[in-house]
A.B. asks: 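One structure, pasted below without further comment.
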Amino acid sequence: MKKLKRCAVLLTTAFVLALTGCGGLKEETPKEIVMKEYVSEDETVSIQMDESWKAEDVNEESGTEGWVAAFTEDDSEGILVMQLAKSVFGANADIDTWRDAIETSYQMSDIKEIEMPSIPDMEVEGAYSCVVTADEVDGAGLVVYGETEYAFYGILYAATEINEQKEEYFRNVCASFKETPPEVENTSTVEMTDTIQWFNNTCAVLTAVNNWDYTMFGGLPANESSQQIAQSLLSGWWDVSDRASADETMDWLLTEGHRLSFRDDMVYIGESGVGEVPEEERIDFLLESFVIDEEEAENYKNWYALYERYGDDALAGWDYSRAMSLLGNYYLAGYYTETEALDKSLEVAKLIQETFDSWDGFMESYFVGYEYWGEESSEERRGIYEDIKAQADSPYNIDWNLTLEKSW
């Protein structure tokens, strides 16, 4: 998220011109506007604006080549098309975080919904009028947010004032939007099979949380961009920066993980005699035996039931799911070859299959692990799992007891 905000903030100073370039409001005579195509530096976006407007080079400051900006000659008006490519920021952003970044950077206030413009091949999230503030100067603004398969977008029109003529102009600009996404390189040479999809299923919920593709090994096409994403993610979340630290983390997950401390906690709770108490009476028993609140008592009751079923492996689903996710990341980051990552995935997948008896059983262990580690509800992740399962072509239709075979 920090990266998103930094990109937008850098453009604030460039867009100040649209708010401060004119000393005061003036009466305007409607004129016929001749439109001209303005194209981003990387040619992924084009949009039609008044041919008398001057293009601004904003890409260097924004850190991307997919932005378009143009202003009137007197700098009293300007339109900025902001692109956030999902292939670069997919794990760090969604349309809501992108909108928050833009509204924060341009200090938007008095935000009100307006009729959404039609934008070809874009799913429009919303359109709004607002006050835009830059260098303590207020201006009028119109902004629309949307997304395509390739990117998130924000289109911002700022002026000293907005009237019906300018609203119509903004709608015409939005209607002229065209996107030409680049072909995405994917160096993977492995054909997707049921075995590889079985691997993906073990960490599909986390893949979905990251806005990645759980039908692709690693979740992203293997290329230079995804390598940077994976390396940044591994460094920030796991302190993994090379092959040695990758191996060390994988070994910890497979031999210890969080299941050891969970086991110790469950043994301690078990010493209270909770295992001899009927399940429907355990919450009251735990409240009487420990200094915890009712929510914690319910959690420990559910966790202890999982421990009774799986013993020391009760939290293995959590540790093993993250191990499978890491193996995909190791491949994308370049720390493991594709064959090495898949070979290790096959080894871990067989261990998972031996430990649990169904997708639901495995995922329950994952959710409890998330609750135990994160000290928060797993409701959102449970919902993602149920949504994926409910799809007609759900990857979870693959049999849990599938014979896992090497095909790479």
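All residue numbers in this chain count up from 1 along the given sequence.
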A.B. asks: Supply the atom-to-atom distance Leu254 CG to Leu351 CG, rounded to the nearest 0.5 angstrom.
C.D. replies: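 Output value for this atom pair is 7.0 Å.
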A.B. asks: Using 30° and 60° as the class boundaries, would you call the ring planes of Phe362 and Trp400 parallel, tilted or perpendicular?
C.D. replies: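 Rings of Phe362 and Trp400: tilted, as their planes differ by 30° to 60°.
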A.B. asks: Please enumerate all residues that pass side-chain contact (heavy atoms from CB on, under 4.5 Å) together with Ala341, with sequence neighbours excluded.
C.D. replies: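 Residues passing side-chain contact (heavy atoms from CB on, under 4.5 Å) with Ala341: Phe217, Tyr331, Tyr336.
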A.B. asks: Would you verify whether the NZ or CZ of Arg99 falls within 45 degrees of the ring axis of Tyr128 while also being under 6.0 Å from that six-membered ring's centre?
C.D. replies: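 Arg99 over Tyr128 ring: yes.
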A.B. asks: To the nearest 0.5 angstrom, please state how far the CZ atom of Arg309 sits from the OG atom of Ser365.
C.D. replies: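 Here the interatomic distance stands at 10.0 Å.
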A.B. asks: As a quick check of understanding, evaluate side-chain hydrogen bond (donor to acceptor under 3.5 Å, both in side chains) for Glu43 and Thr180, giving each step before the final call.
C.D. replies: CA-CA 7 Å; Glu43 300 184 346; Thr180 309; over 6 Å; no
A.B. asks: Does a side-chain N-to-carboxylate-O contact under 4.0 Å join Glu77 and Lys54?
C.D. replies: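 The answer is no: the pair does not qualify as a salt bridge.
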A.B. asks: Asp96: what forms a side-chain hydrogen bond (donor to acceptor under 3.5 Å, both in side chains) with it, not counting sequence neighbours?
C.D. replies: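 side-chain hydrogen bond (donor to acceptor under 3.5 Å, both in side chains) list for Asp96, sorted by chain: empty.
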A.B. asks: Going by an N to O cut-off under 4.0 Å, is there a salt bridge joining Lys36 and Asp50?
C.D. replies: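 Here Lys36 does not pair with Asp50 in a salt bridge, since their nearest N and O are not under 4.0 Å apart.
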A.B. asks: According to the interplanar angle, ranging from 0 to 90°, do the rings of Phe199 and Trp408 count as parallel (below 30°), tilted (30 to 60°) or perpendicular (above 60°)?
C.D. replies: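 The arrangement is perpendicular - the two ring planes meet at more than 60°.
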A.B. asks: Looking at Phe170, is Lys166 sitting on its ring face, NZ or CZ under 6.0 Å from the six-membered ring centre and within 45 degrees of the normal?
C.D. replies: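 Geometry flag: not set, cation outside 6.0 Å or 45°.
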A.B. asks: Angle between ring planes, Tyr153 versus Phe177, binned at 30° and 60°: parallel, tilted or perpendicular?
C.D. replies: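 If you compare the ring of Tyr153 with that of Phe177, the planes turn out perpendicular.
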A.B. asks: Quick one: do Lys389 and Asp360 make a salt bridge, cutoff under 4.0 Å?
C.D. replies: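 Yes, this pair counts.
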A.B. asks: Taking the basic N atoms (NZ, or NE/NH1/NH2) and the acidic carboxylate oxygens, is any pair closer than 4.0 Å for Arg243 and Glu340?
C.D. replies: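 Salt bridge: yes.
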A.B. asks: If you measure from the Lys or Arg side-chain nitrogens to the Asp or Glu carboxylate oxygens, is any gap between Glu168 and Arg171 under 4.0 Å?
C.D. replies: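 Arg171 and Glu168: not salt-bridged.
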A.B. asks: As a quick check of understanding, evaluate salt bridge (charged side-chain N to carboxylate O under 4.0 Å, His left out) for Glu347 and Lys344, giving each step before the final call.
C.D. replies: CA-CA 5 Å; Glu347 176 187 326; Lys344 192 65 175 181; 3.1 Å; yes
A.B. asks: Could Glu371 and Arg382 be called an ion pair, given the rule that one side-chain N must be under 4.0 Å from one carboxylate O?
C.D. replies: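 So Glu371 pairs with Arg382 through a salt bridge.
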A.B. asks: Look only at the side chain of Asp121 and the backbone of Thr148, and say whether a donor-acceptor pair between them is shorter than 3.5 Å.
C.D. replies: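 No, Asp121 side chain to Thr148 backbone: no donor-acceptor pair under 3.5 Å.
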A.B. asks: Check the angle between the aromatic planes of Tyr307 and Phe262 and answer parallel, tilted or perpendicular using the 30° and 60° thresholds.
C.D. replies: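 If you compare the ring of Tyr307 with that of Phe262, the planes turn out perpendicular.
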A.B. asks: Take Glu376 and Tyr370 through the test side-chain hydrogen bond (donor to acceptor under 3.5 Å, both in side chains) and record every step on the way to the result.
C.D. replies: CA-CA 8 Å; Glu376 64 182 29; Tyr370 178 80; 2.2 Å; yes
A.B. asks: Given 3.5 Å as the limit, does a donor-acceptor pair link the side chain of Thr104 with the main chain of Ala101, or not?
C.D. replies: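 Not a single qualifying donor-acceptor pair exists.
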A.B. asks: Relative to each other, are the rings of Tyr385 and Tyr396 parallel, tilted or perpendicular (30° and 60° limits)?
C.D. replies: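 Perpendicular, since the angle between the ring planes exceeds 60°.
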A.B. asks: Between Tyr300 and Trp303, how do the two ring planes meet: parallel, tilted or perpendicular, split at 30° and 60°?
C.D. replies: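 Plane angle over 60°, so perpendicular.
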